[in-house]
Amino acid sequence: MNSSITPLVQQLAQTLLAKGLKIASAESCTGGLLAAHLTSLAGSSDWFERGFITYSNQAKEESIGASKELIEQYGAVSEEVAKAMAKGALNHSLAQVSVAITGIAGPGGGSANKPVGMVCFAWGMQVADQIQTRAQTKQFSGDRQSIREQACVYAIESLLGQLIASESR
């Protein structure tokens, strides 16, 4: 486990607890690594609601409701599908906050349009009766494990930034 991520997880835990929020994750290329990092902290059951590992397209459809049409139109590695994953994680859990990760960790599977290291993220938040989402694509380098670790760090850092920014609104 990447020990440099521990302070980020602790900060996320404190922020979620202070806001009375729980999180759900929907992961593809990270294969549950984000959930593993989040639940490595004792007491995580107070703020981590559940994680979905939706590695295959069929799992994305069946487990969290990402539509087959959306996946066919944009590809599993896209901001559109990441947003659907983030929404689906909230719709299929008791969480108020979600993070979704889908990408190409390599070493194979990349293309000119979607190279190895391309990772799409989405963050969801339940606000009243609506789910608000934000998505972003990043390009990471390194081997498979490095790309997966970088994706987890980025997902947590970005979520923390969004939660802190929402305090000042």
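Nothing fancy with the numbering, it's 1 onward along the sequence. The figures that follow rest on heavy atoms only: side chains count, while hydrogens, waters and symmetry mates do not. For clarity, every value in this text was computed on a predicted model and none was experimentally measured.
Nearest approach of Ala105 to Arg148, heavy atoms of both residues: CB-CG, 3.9 Å. Lys114 approaches Val77 most closely through the heavy-atom pair NZ-O, 2.7 Å. When every heavy atom of Cys29 is checked against every heavy atom of Val119, the shortest pair comes out as SG-CG1, 4.3 Å. The two residues Ser93 and Ala24 have their closest heavy-atom pair at OG-CB, 3.7 Å. Residues Gly124 and Thr133 approach most closely at CA-CG2, 4.2 Å, considering heavy atoms. The shortest non-hydrogen separation linking Ala86 to Ser98 is O-OG, 2.8 Å.
Chaining together hydrophobic side chains whose heavy atoms lie under 4.5 Å apart places Tyr74 alongside Phe52, Ile64, Leu70, Ile71, Val81, Met85. Under the 4.5 angstrom side-chain criterion for Ile, Leu, Val, Met, Phe, Trp and Tyr, Tyr55 has no cluster partners at all.
Side-chain contact between Asn57 and Glu72 is absent, with no heavy-atom pair separated by less than 4.5 Å. With contacts defined as side-chain heavy-atom distances shorter than 4.5 Å, the pair Leu12/Leu41 does not qualify. Side-chain contact between Gln73 and Glu69 is absent, with no heavy atoms from C-beta onward closer than 4.5 Å. Residues Arg134 and Met125 fail the side-chain proximity criterion, which asks for heavy atoms closer than 4.5 Å.
Interatomic distance, CG of Leu34 versus CG of Leu159, reported as 9.0 Å (0.5 Å rounding). Summarising the geometry, atom CG belonging to Leu21 is positioned 7.0 Å from atom CG belonging to Leu163; distances are rounded to the nearest 0.5 Å. We find the CD-OG distance between Gln132 and Ser166 to be 10.0 Å, quoted to the nearest 0.5 Å. The structure places CD of Glu62 at 7.5 Å from OG of Ser56, a figure rounded to the nearest 0.5 Å. With rounding to the nearest 0.5 Å, the separation of CH2 in Trp47 from CD in Gln14 is 10.5 Å.
Shown here are the side chain to side chain donor-acceptor pair (under 3.5 Å) partners of Ser146, two or more places apart in sequence or in another chain: Gln150. With sequence neighbours left out, Glu49 forms a side chain to side chain donor-acceptor pair (under 3.5 Å) with no residue at all. Shown here are the side-chain contact (heavy atoms from CB on, under 4.5 Å) partners of Ser141, two or more places apart in sequence or in another chain: there are none. Residues satisfying the side-chain contact (heavy atoms from CB on, under 4.5 Å) criterion with Gln139, sequence neighbours excluded, are Pro115, Met118. For Glu157, there are no side chain to side chain donor-acceptor pair (under 3.5 Å) partners at least two apart in sequence or on another chain. Annotation: salt bridge (charged side-chain N to carboxylate O under 4.0 Å, His left out) contacts of Lys19 (sequence neighbours excluded): Glu167. With sequence neighbours excluded, the residues satisfying side-chain contact (heavy atoms from CB on, under 4.5 Å) with Val116 are Ile104, Ile147.
Pairs of residues two or more places apart, or lying in two chains, that qualify as ring-ring contact (aromatic ring centres under 6.0 Å, His included) and include a residue from residues 106-135 are Phe121-Trp123, Phe121-Tyr154. Legend: salt bridge (Lys or Arg N to Asp or Glu O under 4.0 Å) pairs involving residues 22-47, not counting sequence neighbours: none detected. The list of side chain to side chain donor-acceptor pair (under 3.5 Å) pairs with a residue in residues 75-92, not counting sequence neighbours, reads Glu79-Thr137.
In this structure a side-chain-to-backbone donor-acceptor pair under 3.5 Å is present from Lys60 to Thr54. Side chain of Arg144 to backbone of Gly106: a donor-acceptor contact under 3.5 angstrom is found. Between the side chain of Thr102 and the main chain of Ser28, no donor-acceptor pair closer than 3.5 Å is present.
The environment of Gln145 atom CD is dense: over 12 non-hydrogen atoms of other residues, nucleotides or ligands sit within 6.0 angstrom.
Cluster membership for Leu16 and Val153, using ILVMFWY side-chain heavy atoms within less than 4.5 angstrom, is shared. Taken together through direct or relayed side-chain contacts under 4.5 Å among Ile, Leu, Val, Met, Phe, Trp and Tyr, Ile53 and Leu33 form parts of separate hydrophobic clusters. Hydrophobic clustering (side-chain heavy atoms under 4.5 Å, transitive across Ile, Leu, Val, Met, Phe, Trp, Tyr) keeps Leu94 apart from Val127.
Between Cys152 and the options Leu38, Val9, Thr30, a side-chain contact (heavy atoms from CB on, under 4.5 Å) holds for only Thr30.
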(request) Could you walk me through whether Gln11 and Ile164 pass the side chain to side chain contact (heavy atoms under 4.5 Å, CB included) test, one step at a time? (result) CA-CA 11 Å; Gln11 188 180 357; Ile164 292 166; 3.9 Å; yes
